[in-house]
Amino acid sequence: MSQRAIGVVGAGTMGQGIAQVVAASGFPVQLYDVADAQLERARTAIDKGLGKLVAKDKLSEVEKDAALDRLATTTALDALCDCAVIIEAAPEQPALKEKLFGDLSRLTHEAILASNTSSLSLTRLAAVCERPERVVGMHFFNPVPVLRLVEVIRAEQTSDATVATIEQLAKDLGKTPVAIADSPGFAVNRLLVPMINEAAFLVQEGAATPHAIDEAMKLGAAHPMGPLQLADLIGLDVCLAIMEVLQEGFGDPKYRPCPLLKRMVAAGYLGRKSGRGFHVYE
């Protein structure tokens, strides 16, 4: 498989990170997005990301140039037709992802279709595909070049061979695959995002400031980053979307999104990417 390209759908933060790791690991990459401008930003970000590895002596200049040579960008979905694996990293919108998976399944009958979804049902995505046994979850974590975990989520339809291939690919990318059942939020986000949501409730109730909450969790629970700092890094819109998936999937009031979180998203205070969330960024 190392001789065949890996497709990445979506050139946002996660798509950029995945494409960088794939290219740096020796695989040719086809990075797809609907907008040329976004692809240009992605290539610049990947160049910068690889440059940081060179500065830390984790990569040589020759290896960096070779990785960039393996990166191709395209606005044509059919450019991915010869890829061995296609990793979808589009926005967390069920209708958009279902359309992409339907289109990709008609485009290629051989590729494994993997979704980087952070909470949506893989069984539902597989159901729109012509070969549902080749659909699987491959959930990376941000920042992708740094964090080693990949949640591998098996849909009801996923074959053993598909899971084995994706677990091996994760290892080839320097990641550690962990098998997770197809359940709302999977494992990490089902634990993590409700904690973030509860931290938002503390702020809403005036029990503590965002700075105090983050410091308390770093000093008292040995977390490397406070929950609201992490929320700003993830994106408050993403956190809200995950809470809504958990609430719908389980029907349990403990997953009710915090009203303050909803208001902040409505105001466009999304965290680092917008310059303001629970904290303010330059």
Side-chain angles (χ1 to χ4, degrees), residues 8 10-21 31 33 35 37-53 55-56 89-93 96 116-120 139-151 185 188-189 191-204 208-219 221-246 257-282:
V8 179
T13 299
M14 294 303 293
Q16 292 169 14
I18 294 168
Q20 177 184 317
V21 168
L31 177 60
D33 200 278
Q38 183 58 44
L39 290 169
E40 291 174 11
R41 285 192 291 270
R43 181 172 281 277
T44 299
I46 292 169
D47 190 351
K48 182 178 179 181
L50 292 170
K52 290 180 180 179
L53 295 177
K56 295 177 180 178
E92 199 76 343
Q93 300 168 12
L96 172 61
N116 182 57
T117 179
S118 57
S119 59
L120 299 178
H139 182 211
F140 293 81
F141 289 79
N142 186 34
V144 178
V146 176
L147 298 182
R148 292 178 59 84
L149 175 65
V150 172
E151 288 183 317
V188 172
N189 282 335
L191 292 166
L192 178 66
V193 181
M195 180 183 69
I196 289 171
N197 193 58
E198 193 63 27
F201 271 114
L202 285 172
V203 176
Q204 177 179 284
T209 65
H211 175 76
I213 291 166
D214 286 337
E215 286 301 297
M217 291 302 290
K218 286 189 286 186
L219 297 175
H223 288 197
M225 180 182 293
L228 297 177
Q229 291 173 311
L230 182 57
D232 284 351
L233 178 63
I234 294 169
L236 302 193
D237 51 338
V238 176
C239 293
L240 176 59
I242 293 170
M243 287 304 301
E244 290 172 339
V245 167
L246 292 172
C258 176
L260 173 61
L261 181 62
K262 296 172 74 171
R263 291 198 303 271
M264 292 179 71
V265 171
Y269 303 153
L270 307 181
R272 285 184 175 273
K273 60 187 173 186
S274 68
R276 178 176 175 180
F278 285 100
H279 302 280
V280 177
Y281 304 89
E282 294 295 334

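The basis for the numbers below is simple: all heavy atoms, side chains too, and nothing from hydrogens, waters or symmetry mates. We count residues from 1, following the sequence as given. Keep in mind it's a predicted model, so treat the numbers as computed, not measured.
- Atom CZ of residue R272 and atom NE2 of residue H279 lie 9.0 Å apart, to the nearest 0.5 angstrom.
- The side-chain heavy atoms of E215 and Q229, taken from C-beta on, include no pair separated by under 4.5 Å.
- Checked against L270 for a side-chain contact (heavy atoms from CB on, under 4.5 Å), the options V238, D237, D232 give a single hit: D237.
- Using modelled atom types, no side-chain atom of S119 and backbone atom of I242 make a donor-acceptor pair closer than 3.5 Å.
- Of all non-hydrogen atoms in I196 and A231, the two that sit nearest each other are CG2-CB, 3.5 Å.
- Applying the side chain to side chain contact (heavy atoms under 4.5 Å, CB included) rule to E198 yields the partners F201; only residues at least two apart in sequence or on another chain are considered.
- If you take CG on L39 and CD on Q16, they are separated by 9.5 Å, rounding to the nearest 0.5 Å.
- Between the side chain of Q20 and the main chain of V144, no donor-acceptor pair closer than 3.5 Å is present.
- Side-chain atoms of M195 and H223, non-hydrogen and from C-beta on, do get closer than 4.5 Å to each other.
- For K262, the NZ atom is loosely surrounded, since the number of other residues' heavy atoms within 6.0 Å does not exceed 12.
- I18 and A89 get closest at one heavy-atom pair: CD1-CB, 4.2 Å.
- If you take CG on N197 and CG on L192, they are separated by 11.0 Å, rounding to the nearest 0.5 Å.
- Residue P194 comes nearest to N189 through the heavy atom pair CD-O, 3.3 Å, listed as atom of the first residue, atom of the second, then distance.
- Within the 4.5 Å cutoff, the side chain of L261 has heavy atoms near those of the L236 side chain.
- Here the closest heavy-atom approach between residue A42 and residue L31 is recorded as CB-CD2, 3.9 Å.
- The distance from atom CG of L228 to atom NE2 of H211, rounded to the nearest 0.5 Å, is 12.0 Å.
- Exactly one of L260, D214, I213 qualifies for a side-chain contact (heavy atoms from CB on, under 4.5 Å) with F278. That residue is L260.
- For the atom pair E40 CD and T44 OG1, the distance stands at 7.5 Å (nearest 0.5 Å).
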Working for side-chain contact (heavy atoms from CB on, under 4.5 Å), residues I234 and N142: CA-CA 7 Å; I234 294 169; N142 186 34; over 6 Å; no
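- Listed here is the closest heavy atom pair of K218 and G226: CG-N, 3.7 Å.
- Residues E92 and S118 share a closest heavy-atom pair of OE2-N, 2.9 Å.
- Here the side chain of E151 pairs no donor or acceptor atom with the backbone of H139 at under 3.5 angstrom.
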